Structures are given as structure tokens and as C-alpha cells.
K.L.:
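My structure is below; once you've seen it, I'll send some questions.
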Amino acid sequence: MKKLIFSLLFIAALVSCKSPEARYPVSQHSGSYINESVARNKKLLAEEESLIKKIIANDSSKNYIASNGGFWYFYNKKVADSVSKTKPEFGDIVNFDYYIQTLNDQTIYGEGEKPTKEYAIDQENLFSGLRDGLKLMKAGETVTFLFPSYKAFGYYGDKDRIGTNIPIKTTVTLHSIRKQDSIN
């Protein structure tokens, strides 16, 4: 009897000492979520670009320029190249004002509502469209930019007045540029 109990305990000990087996997830996802997200974003961009192009087609009074950065703009006030050719570069300090509207000209942030801003080019946080747009300007110019939502505040908005995926129109006046060399 002792031998039977001892052999049963020995067999139970051997069976319980096997190595642990990997546990697999109950459900497995392929890459379908990412593919769906890409398709949604492409559709959103196409709709926003179509809307912007329609606005441009209906406004023959302004000379719109398509930027390499994925947005459009026109000059409200342009400084001649004979007066200045200087545009801001990495590290330069710019002083500017701006206001923001929807593409339907509804004011989001009105003139003077946002304080005059000093910004070190490409060294501080600013939404990507404005960051790229400032590099196209000279001191004394006023430019209106039409930004699709991905160049504006994107999915998150500004967490105040600009919601998710809202394309915007921004009018910017660049007051001054201090070159990086003159800062040191």
C-alpha cells in the first residue's frame, strides 16, 4: 500500500513539473484597423482639398499659390523683392500676429484676440502649417493661408475652440525677423 501511494505521488510530481505553455490571445487582429484609418484619412484629405480648391475657384480676385507643404496661400500685403529678400530660417526669432477663421469665414480667434507672438523658427511648438507658412514670408507682409486639418490642429484640435479635423483659414502679419546671428 505504501508503495502504491508513493508511486502515485511520484507520478503526480512528474506530471506537475512540465514547463509552462505560452498563452495566446483570445482574439487576434490583423492590420485592418490601421488600413481602415489610412483609408479614412485619405478620404478626409481629399474632401478638404476639394473644398479648398472650390473656394479658390470661386475667388478670382486673389492669386492663390499652392505650397510644397500641402496648403494654399495668397498675399494680402506683399513686400517687393527690391525692398527685402530676407525670409526667416532655422533659429531666427520672428514677431507676428495672426487670427483664425473657418473656411466659411466664421471667426474662431479674431484679430487681436491672440497676443503678438515671438517664435524661434523650428525650435518651439507651433502648429505645422503656420510653422511652414512663416518661412515663406518677409517682414512687413500679411498672408492668408488655407490649411487642411492635418496642417492645422489635426485630430486633437486646439482643445478650446477648434474641434477635430477642422480645416482653417489663418491670416498672418509678420512684423519682424531677428536673424540668428544678431541674437548671440
Side-chain angles (χ1 to χ4, degrees), residues 33-80 84 86-90 92-177:
Y33 174 75
I34 292 183
N35 294 336
E36 290 169 6
S37 178
V38 167
R40 242 186 343 267
N41 288 334
K42 283 182 178 181
K43 180 181 175 195
L44 177 66
L45 178 60
E47 289 171 358
E48 290 176 359
E49 285 182 350
S50 173
L51 178 61
I52 290 171
K53 288 176 182 176
K54 187 185 295 183
I55 290 169
I56 291 170
N58 291 335
D59 188 6
S60 60
S61 66
K62 296 177 182 77
N63 182 25
Y64 287 88
I65 302 166
S67 76
N68 293 334
F71 57 90
W72 292 260
Y73 62 100
F74 65 87
Y75 288 92
N76 301 69
K77 180 182 173 192
K78 185 170 174 64
V79 172
S84 175
T86 305
K87 294 182 180 180
E89 297 172 347
F90 179 83
D92 293 346
I93 304 295
V94 295
N95 183 292
F96 67 96
D97 287 316
Y98 69 105
Y99 62 93
I100 300 175
Q101 299 174 304
T102 65
L103 294 180
N104 301 338
D105 295 326
Q106 294 175 335
T107 301
I108 299 173
Y109 292 104
E111 279 188 76
E113 199 170 339
K114 291 245 181 214
T116 299
K117 185 164 179 67
E118 280 207 349
Y119 167 70
I121 297 291
D122 291 336
Q123 294 183 338
E124 295 179 48
N125 199 9
L126 195 62
F127 71 89
S128 70
L130 187 53
R131 190 171 49 234
D132 294 342
L134 284 168
K135 293 182 218 172
L136 300 172
M137 298 176 69
K138 296 180 239 173
E141 290 184 331
T142 300
V143 177
T144 298
F145 298 97
L146 304 177
F147 296 120
S149 63
Y150 82 96
K151 291 302 278 184
F153 293 92
Y155 179 75
Y156 293 104
D158 75 340
K159 298 189 169 91
D160 189 14
R161 298 183 194 174
I162 301 173
T164 299
N165 296 326
I166 303 294
I168 61 172
K169 181 189 292 188
T170 304
T171 302
V172 181
T173 301
L174 182 58
H175 300 293
S176 65
I177 303 170

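Computed from a predicted model, the values in this text were never measured in an experiment.
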K.L.:
Could you tell me if Ser176 and Asn95 have a donor-acceptor pair between their side chains, going purely by distance under 3.5 Å?
P.N.:
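No, because no side-chain N or O of Asn95 sits under 3.5 Å from a partner of the opposite role on Ser176.
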K.L.:
Output, in order, the C-alpha distance, side-chain angles, deciding distance and verdict of side chain to side chain contact (heavy atoms under 4.5 Å, CB included) for Ile52 and Trp72.
P.N.:
CA-CA 8 Å; Ile52 290 171; Trp72 292 260; 3.5 Å; yes
K.L.:
Minimum heavy-atom separation for Lys169 and Thr144, please, with both atom names.
P.N.:
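Answer, listing the atom of Lys169 first, then Thr144: CG-CG2, 3.5 Å.
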K.L.:
Closest heavy-atom contact between Lys138 and Ser84?
P.N.:
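Result for this residue pair: CD-O, 3.0 Å.
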K.L.:
Which pair of non-hydrogen atoms, one from Leu136 and one from Glu141, has the smallest distance, and what is that distance?
P.N.:
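Nearest heavy atoms, Leu136 then Glu141: O-OE1, 4.2 Å.
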K.L.:
Quick one: do the Tyr64 and Asp59 side chains pair a donor with an acceptor below 3.5 Å?
P.N.:
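Yes - a donor-acceptor pair under 3.5 Å links their side chains.
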K.L.:
At their closest point, which heavy atom of Lys151 faces which heavy atom of Gly69, and how far apart are they?
P.N.:
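Smallest interatomic distance, heavy atoms only, reads CE-O, 3.1 Å.
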K.L.:
Taking the side chain as everything from C-beta on, heavy atoms only, tell me whether Leu103 gets closer than 4.5 Å to Leu51.
P.N.:
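SC-SC contact between Leu103 and Leu51 confirmed.
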K.L.:
Can you confirm whether more than 12 heavy atoms, excluding those of Asn68, are under 6.0 Å from its CG atom?
P.N.:
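No - once you tally the heavy atoms of other residues, nucleotides and ligands closer than 6.0 Å, there are 12 at most.
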K.L.:
Ring-plane angle category for Tyr73 and Phe71, please: parallel below 30°, perpendicular beyond 60°, tilted otherwise.
P.N.:
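Plane angle between 30° and 60°, so tilted.
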K.L.:
Please report the closest heavy-atom contact between Ile121 and Glu89, naming both atoms and the distance.
P.N.:
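Taking every non-hydrogen atom into account, CB-O, 3.3 Å.
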K.L.:
Just do the side chain to side chain contact (heavy atoms under 4.5 Å, CB included) check on Tyr109 and Thr107 with the steps written out, would you?
P.N.:
CA-CA 6 Å; Tyr109 292 104; Thr107 301; 5.8 Å; no
K.L.:
With a 6.0 Å cut-off on the ring centroids, do Phe127 and Phe147 count as close?
P.N.:
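Under 6.0 Å, so yes.
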K.L.:
Could you check if a side-chain atom of Ile168 sits within less than 4.5 angstrom of a side-chain atom of Gln101, using non-hydrogen atoms only?
P.N.:
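Ile168 does not reach Gln101 side chain to side chain.
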K.L.:
side-chain hydrogen bond (donor to acceptor under 3.5 Å, both in side chains) for Thr116 and Asp97? Distances and angles first, verdict last.
P.N.:
CA-CA 5 Å; Thr116 299; Asp97 287 316; 2.5 Å; yes
K.L.:
Any side-chain heavy atom of Ile56 sitting closer than 4.5 Å to one from Phe74?
P.N.:
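The answer is no, as the side chains (C-beta and beyond) never meet within the 4.5 Å cut-off.
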K.L.:
Would you say the side chain of Thr170 lies within less than 4.5 Å of the side chain of Tyr99, judging by non-hydrogen atoms?
P.N.:
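Result no, sub-4.5 Å side-chain heavy-atom pair not found.
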K.L.:
Where do Leu134 and Pro88 come nearest, in terms of heavy atoms and distance?
P.N.:
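Scanning both residues, the minimum pair turns out to be O-CG, 3.2 Å.
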K.L.:
Side chains of Asn104 and Thr102: donor-acceptor distance under 3.5 Å anywhere?
P.N.:
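No, no side-chain donor-acceptor contact under 3.5 Å.
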